[in-house]
Protein chains: 2
Amino acid sequence: MGNQMTEMLKGTLEGIVLAILEARPAYGYEITAQLRDEGFTDLAEGTVYALLVRVEQRGFVDVTKVPSEKGPPRKVYTLNAAGTAQLAEFWTTWTFLSGRIEHLRADRTSTHQQTEGDD
Amino acid sequence: MGNQMTEMLKGTLEGIVLAILEARPAYGYEITAQLRDEGFTDLAEGTVYALLVRVEQRGFVDVTKVPSEKGPPRKVYTLNAAGTAQLAEFWTTWTFLSGRIEHLRADRTSTHQQTEGDD
DNA sequence: ACCGGTACCTAGCGTTACGTTGTACCGGTA
DNA sequence: TACCGGTACAACGTAACGCTAGGTACCGGT
């Protein structure tokens, strides 16, 4: 199915996760569950963990281990200053790209008939 | 620079090019120039050609060779039925993803960590 | 003792955009 | 003639990212 979605998530999933962490700290299993609950039903669990490892290594998040009554200890990720900056960059890039694409979609609705502005 | 943009283009650039071709047939060099003109200044020329080869092999476009007075013959790409269907799928995926991300941005603006209905 | 839910992690794979380089055609200029 | 820059296409290797498909470990209920 979502082969299209798979490719489209590249580059955006990191921003999505950082945005989630900006709202409140969370751990991997929780983030995966939340995203699946919000429509990303095919999201692989391993994808989120790999992403979290990446953003941790880049210094965008701080990590705290919190014991759980239900299983192994949770690794709770908190967005730090560098992560906030990265997230801001994400929004900038997203806004530009989104604007370009929506512009294409708007063109689509009004570009029906004749030839204009050919060269 | 646009490392962020590079990753975000994965999965979206194909849809962007298909949308351009929906408006009117075009050839590689022209598409690259148009995209650069519209803000994708760092877009590599080779990227567009590789993408066009891909969509051609998948049968989303028809190709016609047209002689040029300025250089080698142009390969003009025209969106066909399969391409139109693929483009429709792109818009579906994009609309969903865009909606989710904009939802996250909307949440960001109301940063009271008070519990309120977020949906 | 077993199973399912919780919670984490990893190796290899396929796809995609980039960097770089090369080919070929043409008109203008020294 | 010889060279250069703009036009136009193509190929090769690299890096990044999400997915597949596993595995480890803790816990309570049957």
**Asked** NZ of K70(B) versus P of dA24(C): gap in Å, rounded?
**Response** 22 Å
**Prompt:** Given dA10(D), is OP1 or OP2 found less than 4.0 Å from the side-chain N or O atoms of Y49(B)?
**Reply:** no
**Closest non-hydrogen atom pair between G11(B) and Q4(A), with its separation** = O-OE1, 4.5 Å
**Request:** Just call it for G11(B): base, sugar-phosphate, or nothing, with non-hydrogen atoms closer than 4.0 Å on any strand.
**Result:** sugar-phosphate
**Message:** Output the rounded distance in Å from CD (E7(A)) to C1' (dC13(C)).
**Reply:** 13 Å
**Nearest-Å distance for atom pair CG/P, residues L52(B) and dT16(C)** = 13 Å
**Asked** For the pair made of CD in E45(B) and C1' in dT7(D), what is the distance, rounded to whole Å?
**Response** 9 Å
**Prompt:** Are L79(B) and L51(B) linked, directly or through other ILVMFWY residues, by side chains that come within less than 4.5 angstrom of each other?
**Reply:** yes
**Distance below 4.0 Å between Y29(A) side-chain N/O and dT6(C) OP1 or OP2** = yes
**Request:** Could you state the atom-to-atom distance from CD of Q4(B) to P of dT16(C) in whole Å?
**Result:** 20 Å
**Request:** Any chance you could measure T41(B), atom OG1, to M5(B), atom CE, to the nearest 0.5 Å?
**Result:** 8.5 Å
**Complete:** Paired to dA11(D) by Watson-Crick or G-U wobble criteria (both distances under 3.5 Å) is dT20(C)
**Message:** Is S68(A) close enough to dT6(C) that one of its side-chain N or O atoms is under 4.0 Å from OP1 or OP2 there?
**Reply:** no
**Asked** E56(B) has an atom CD; how far is it from atom P of dA10(D), in whole Å?
**Response** 8 Å
**No-H, no-angle donor-acceptor pair, K10(B) side chain to dT15(C) base, under 3.5 Å** = no
**Message:** Can you tell whether the side chains of E56(B) and K75(B) come within less than 4.0 Å, N to carboxylate O?
**Reply:** yes
**Message:** Quick check for you: among dC8(C), dT15(C), dC18(C), whose closest atom lies nearest to any side-chain atom of Y27(A)?
**Reply:** dC8(C)
**Message:** Is there a path of hydrophobic side-chain contacts, each under 4.5 Å between heavy atoms of I/L/V/M/F/W/Y residues, joining I31(A) to Y29(A)?
**Reply:** no
**Prompt:** Starting at the 5' end of DNA chain D, which residue's closest nucleotide do you reach first, G71(A) or E69(B)?
**Reply:** E69(B)
**Request:** Indicate whether OP1 or OP2 belonging to dA10(D) is found under 4.0 Å from a side-chain N or O atom of K75(B).
**Result:** yes
**Message:** Looking at R54(B), I'd like to know whether one of its side-chain N or O atoms comes within less than 4.0 Å of OP1 or OP2 on dT16(C).
**Reply:** yes
**Request:** Tell me the partner of dG5(C), counting only Watson-Crick (N1-N3 plus N6-O4 or O6-N4) or G-U wobble (N1-O2 and O6-N3) with both under 3.5 Å; none if nothing fits.
**Result:** dC26(D)
**Asked** From dA17(C), dC17(D), dC9(C), pick the nucleotide closest to the side chain of L9(B)?
**Response** dA17(C)
**Item:** Lys/Arg-Asp/Glu bridge criterion (N-O < 4.0 Å) met for E30(A), R74(A)
**Value:** no
**Request:** Verify the contact: side-chain N or O of T47(A) to OP1 or OP2 of dC19(D), cut-off strictly under 4.0 Å; return yes or no.
**Result:** yes
**Asked** Expressed in angstrom and rounded to an integer, what is the separation of L35(A) atom CG from dA7(C) atom P?
**Response** 16 Å
**Item:** Nucleotide dA16(D), atom C1' - distance to CG of L13(B) in whole Å
**Value:** 16 Å
**Prompt:** Taking only N and O in the side chain of R58(B), is any of them less than 4.0 Å away from OP1 or OP2 of dT16(C)?
**Reply:** yes
